[in-house]
Amino acid sequence: MEEEDGDHDFLFSAAAQSTDRHERVIVHIDIDCYYAQVEMILNPSLRGKPLGIKQKNLVVTCNYEARALGVEKLMTIKSALEKCPSLILANGEDLKNYREMSEKIYKVLQSYSPFVEKLGLDENFVDVTHKIVKSPEVQHVISGHTFHDSEDICTCGCTERLAQGSLIAQKMRDHLRDELGITSCGGIAFNKLLAKLVGTTHKPNQQTTLLSTSSLSLIKSLKHLRNIPGIGSAINRKLEVLGINTIEKLQSAEMCKLTEALGGKTANQIQQLSFGIDNSHVKITDRPKSIGAEDGFIPIRSEGEVRKKLSCLLNRVLELVEKDGRKPCQLKLTVRKLHPSSHSVRESRQTTIEYGTGTGSSTQQGPGDEKQKMKLMTTLMNLFERIIDCDVSWQVTLLGISFSGFSSGNSESPAKNSINKYFPVKKSPLRSEEPLPPSKRCRFDESVLQELPPDIRQEVLEDMQNQLPSPDPQKPTDSDCPKGVDPLVFCELPVEIREELLAEERTKKQTTIKKSNNLLQYFRKAS
Ligand code: TTP
Ligand code: MG
């Protein structure tokens, strides 16, 4: 068996070299005991003491002092307290502070590379390939640990590239610590999978670089298939049915059997992962398409209670929308109804809104903001009545509010009485005289893109295109957009408003409109 495994390694390390070249340098950053660190930053008196973060009856994470005393992530509170009676528990059900810190971390990382992909709240992949100096005068020394248990050294130049990557990773982590007071682990490798895996080999507050010739031994050091990111419980169950429960068995599994159980794409993907092959790109994380929150509770039966819950929820969501800075034009309400047979059904309704009728931030106390909130509450209650027939008895166990249809708003104060304040147009610094088609628009410094080798540039552009929603046949192109209106804003408008604008445009061509408050003028770019 030993010998067979050895042959196997040889075959597939050759395969790995040819299919997953080592040209890229990917850094994976994972924040140490994330929720616990945020709590300790907010309340420094917790530092040095065992701290657990609870959600319902679980300790979702704990600091390293608690880990040293036997507490583990996802333990029940009961077991955690049995292990460590001095454990301090902080409530981690409100994610607000964790989200805020996550945004700050993302911004710091973006100052090193535009190619940053967020994974959950505390992990990010950063592609720093374009930062690597080709043929440096001096060879760099790897910063932090090196994962290398092979006698072979790859000659393609990846060791030097990874060494440079490790120095960039060190700078990023120092920056996070100095600016935000947060510590993290770093993994540096030539693909995303391996960067994530190698980063966990030295924890906390350390970093590790994987040399390409050791990628198979890193994969083989994993104890369970579930440790491979991408193999979740559903896939794992199907593999177990096939008798595949180790990395080696997955590597040697017959493709036709895997395909039968999982479909061709997944089968191929996970077998590649089992060899450490991952050709996926770092996908630039876009801003969310919707911002919302949901709240589940024991059944409520009166409109008064619904109003109270919605009001709290709305305050929370408005705060997030204000922080985001863009202006939504859709509001959706989700309700979970409890049926007499005691099964639940979720239903949603949405409507177009005019957001921003207030005088400023909704989080500020001002008459305008209260007015806006009242209007939104009326809209929400109308949506509620479209879902629930209030004349017959009902029970509701969840309410959710979500804003979407964002326009690229900014905080510049728009002209008084102009509808531009509802959909302000931000002049993108990336705009050239000849705008790129929407699918190719970049949200980062184009000069970085220009610096990339042509083939990588093309791949990145294609990847960005793939991240965009598939073209909506109803969505207009730039050329459909009425003259003088920002195409970005126009594309995001609901169909009815677009049609109204286009109708006005047509009418305008036929006759001079003297009316000053027509809809079209609101969307004209401020000159
Ligand atoms: P992790 O990165 O898995 O854990 P961590 O950052 O707390 O600890 P480590 O030092 O090992 O990286 O998860 C990030 C946060 O996500 C964690 O702080 C709490 C939260 N979380 C959940 O809400 N549910 C879960 O099941 C897990 C594992 C984490
Ligand atoms: Mg973490």
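All values derive from a computational prediction rather than experimental measurement. Order of appearance sets the numbers: ligands from 1, and atoms from 1 within every ligand.
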Exercise. Examine the proximity of ligand 1 to I53 and report which part, side chain or backbone, both or neither, has a heavy atom under 4.0 Å away.
Key: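 Answer for I53: neither.
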Quiz item: Should one rank Y34, Y64, Y35, Y98 by closest heavy-atom distance to atom 16 (O) of ligand 1, which comes out on top?
Solution: Y35
Quiz prompt | Shortest reach to atom 13 (O) of ligand 1 by a heavy atom, considering only V60, V38, I31, D122 | solution = D122
Exercise. State whether the shortest distance between N or O atoms of C33 and N or O atoms of ligand 1 falls below 3.5 angstrom.
Key: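 The answer is yes, given that C33 and ligand 1 share an N or O pair closer than 3.5 Å.
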Quiz item: Does R67, backbone or side chain, put an N or O under 3.5 Å from an N or O of ligand 1?
Solution: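 Such a contact does occur with ligand 1.
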How far is [atom] from its nearest protein heavy atom, and which residue and atom is that?
atom                    : result
atom 7 (O) of ligand 1  : T61 OG1, 2.5 Å
atom 11 (O) of ligand 1 : K203 NZ, 2.7 Å
atom 4 (O) of ligand 1  : K73 NZ, 3.0 Å

Exercise. Please determine which of L331, I291, L318, D295 meets the side chain to side chain contact (heavy atoms under 4.5 Å, CB included) test together with I401.
Key: L331
Self-check item: K249, NZ atom: more than 12 neighbouring heavy atoms under 6.0 Å
Solution: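 Above 12, so yes.
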Quiz item: Is the number of heavy atoms from other residues, nucleotides or ligands under 6.0 Å of E260 CD greater than 12?
Solution: no
Exercise. Look at the rings of H130 and F115 and say which category their plane angle falls in: under 30° parallel, 30 to 60° tilted, over 60° perpendicular.
Key: perpendicular
Quiz item: Hey, are K192 and E117 close enough for a salt bridge, meaning a charged N less than 4.0 Å from a carboxylate O?
Solution: yes
Quiz item: Does Q350 reach the main-chain N or O of L333 with its side chain, forming a donor-acceptor pair under 3.5 Å?
Solution: no
Exercise. State whether D122 contributes an N/O/S atom found under 2.8 Å from the Mg ion (ligand 2).
Key: yes
Self-check item: Under 2.8 Å: N/O/S of D30 next to the Mg ion (ligand 2)
Solution: yes
Exercise. To the nearest 0.5 Å, tell me how far I188 CD1 sits from L162 CG.
Key: 8.5 Å
Practice problem: Starting at CZ of F147, measure out to OG1 of T201 and round the result to the nearest 0.5 Å. | Solution: 6.5 Å
Quiz prompt | Numbering as shown, the atoms of ligand 1 that approach L74 to under 4.0 Å (heavy-atom distance) | solution =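 Atoms satisfying the 4.0 Å criterion: 25 (C), 26 (O).
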